[in-house]
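Encoded as structure tokens, the structure appears first; notes follow it.
One is the number of the first residue; the rest follow in order along the sequence. The basis for the numbers below is simple: all heavy atoms, side chains too, and nothing from hydrogens, waters or symmetry mates. Every number for a ligand or one of its atoms is a count from 1 in the order of the listing.
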Amino acid sequence: MAQKITVPSIKAMKGRGEKITMLTAYDTPFARILDEADVDILLVGDSVGSVVAGYPNTLPVTIEEMIYHTKAVVRGVTRALVVIDMPFMSYQVSIEDAKRNAGKMIKESGAEAVKLEGGVNMKEVIESIVAIDIPVMGHIGLTPQSIHQMGGYKVQGKAEEQKRKIMEDAVAVEEAGAFSLVLECIPTELAKEISEKLTIPTIGIGAGIHCDGQVLVIHDVLGLLGDFRPKFVKSYVDLRTVISQAVEEYMDEVKKGKFPTEEHSFHL
Ligand code: KIV
């Protein structure tokens with residue numbers, strides 16, 4: 001059986017110069033397929049809100065919804081490290097709240113680490129969660145829980161001032177004790193600088209080739225969403241078309257009385 005991926009083994013991959021693969025998962029069948037393919041980290045992202053639940057953004061997602069989906073993912077995994085996203089307002093109010101919610105999410109979901117958004121502003125929160133031995137993955141750059149403050153899903157860190165702030169955020173997350181850091185939608189050059197400066201692995205999404213690992217939303221990879229595709233997404237297959245064709249074939253056979261056949265029928 002393949003060796004279980006742990007927080008220390010993810011950190012060690014950076015030391016060996018081995019790229020880290022991370023994908024989102026929200027349910028057991030997908031988790032099982034991705035785990036069997038040896039993906040290193042499965043992230044139960046709060047993107048579940050927009051990808052699976054049909055919310056306009058990630059803000060409505062609750063702790064209970066995150067736990068429900070993560071339990072399903074954990075049931076499909078034997079090798080990958082499972083990381084659960086802390087949803088909006090589960091860690092922003094107070095340190096006590098953040099610790100209690102991180103603990104609840106780890107305890108009830110079976111995930112092995114939490115992810116939360118923010119840099120300098122979340123340094124104490126990350127420190128306090130790490131202090132109770134819950135591994136934390138940071139997330140800076142484009143942080144979808146700040147959608148209204150940012151005024152949309154835009155590339156961050158192009159201007160000098162913003163670039164400096166993102167670098168400060170990265171250093172703060174590492175100093176706070178996070179074991180890895182997601183860099184979302186920032187220029188390749190900035191992600192390279194951050195990845196070279198930090199000792200913890202960076203995992204990029206829309207952050208170019210120089211990150212220590214990459215993450216994408218599984219529904220994007222499989223071509224399951226609509227025609228809108230952000231620049232940083234690569235779909236490796238068009239499953240939307242494959243599914244439509246299969247469903248049309250099924251309906252055609254039902255309408256024409258061709259399904260079910262003897263092969264799919266029971267007899268007394
Ligand atoms: O919620 C999510 O899926 C994420 C990744 C895209 C990094 O935060």
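Ser50 and Asn57 form no side-chain donor-acceptor contact under 3.5 Å, judged by distance and modelled atom types alone.
Panel note: side chain Arg79, backbone Ala2; no donor-acceptor pair is recorded below 3.5 Å. In this structure, the side chain of Thr143 does not engage the main chain of Glu117 through any donor-acceptor pair within 3.5 Å. Using a distance-only test at 3.5 Å, with no hydrogens or angles considered, a donor-acceptor pair links the side chain of Gln156 to the main chain of Lys154.
Backbone and side-chain nitrogen or oxygen atoms of Asp46 are examined, and one is located within less than 3.5 angstrom of a nitrogen or oxygen of ligand 1. Taking any N or O of Glu184, backbone or side chain, none lies under 3.5 Å from an N or O belonging to ligand 1.
Taking every heavy atom of His139 and a limit of under 4.0 angstrom, the matching atoms of ligand 1 come to 8 (O). Listed by atom number, the atoms of ligand 1 under 4.0 Å from Ile205 heavy atoms are 6 (C). Atoms of ligand 1 lying under 4.0 Å from at least one heavy atom of Gly45, given by number and element, are 1 (O), 2 (C), 3 (O). Taking a cut-off of under 4.0 Å to the non-hydrogen atoms of Thr24, the atoms of ligand 1 that pass are 3 (O). Shown in contact with Lys115 at under 4.0 Å from a heavy atom are these atoms of ligand 1, numbered in order with element: 4 (C), 8 (O).
Annotation: side chain of Met122 is in contact with side chain of Leu116 (closest heavy-atom distance under 4.5 Å).
In summary, Glu112 and Lys4 engage in a salt bridge, as defined by a charged side-chain N under 4.0 Å from a carboxylate O. Look at Lys197 and Glu193 and you find no salt bridge, because none of the NZ, NE, NH1 or NH2 atoms lies under 4.0 Å from a carboxylate O.
At a 4.0 Å heavy-atom cut-off, ligand 1 touches Asp85 through the side chain alone.
In this structure, the protein non-hydrogen atom closest to atom 3 (O) of ligand 1 is Ser47 OG, 2.5 Å. The protein non-hydrogen atom at the shortest distance from atom 5 (C) of ligand 1 is Leu43 CD2, 3.6 Å.
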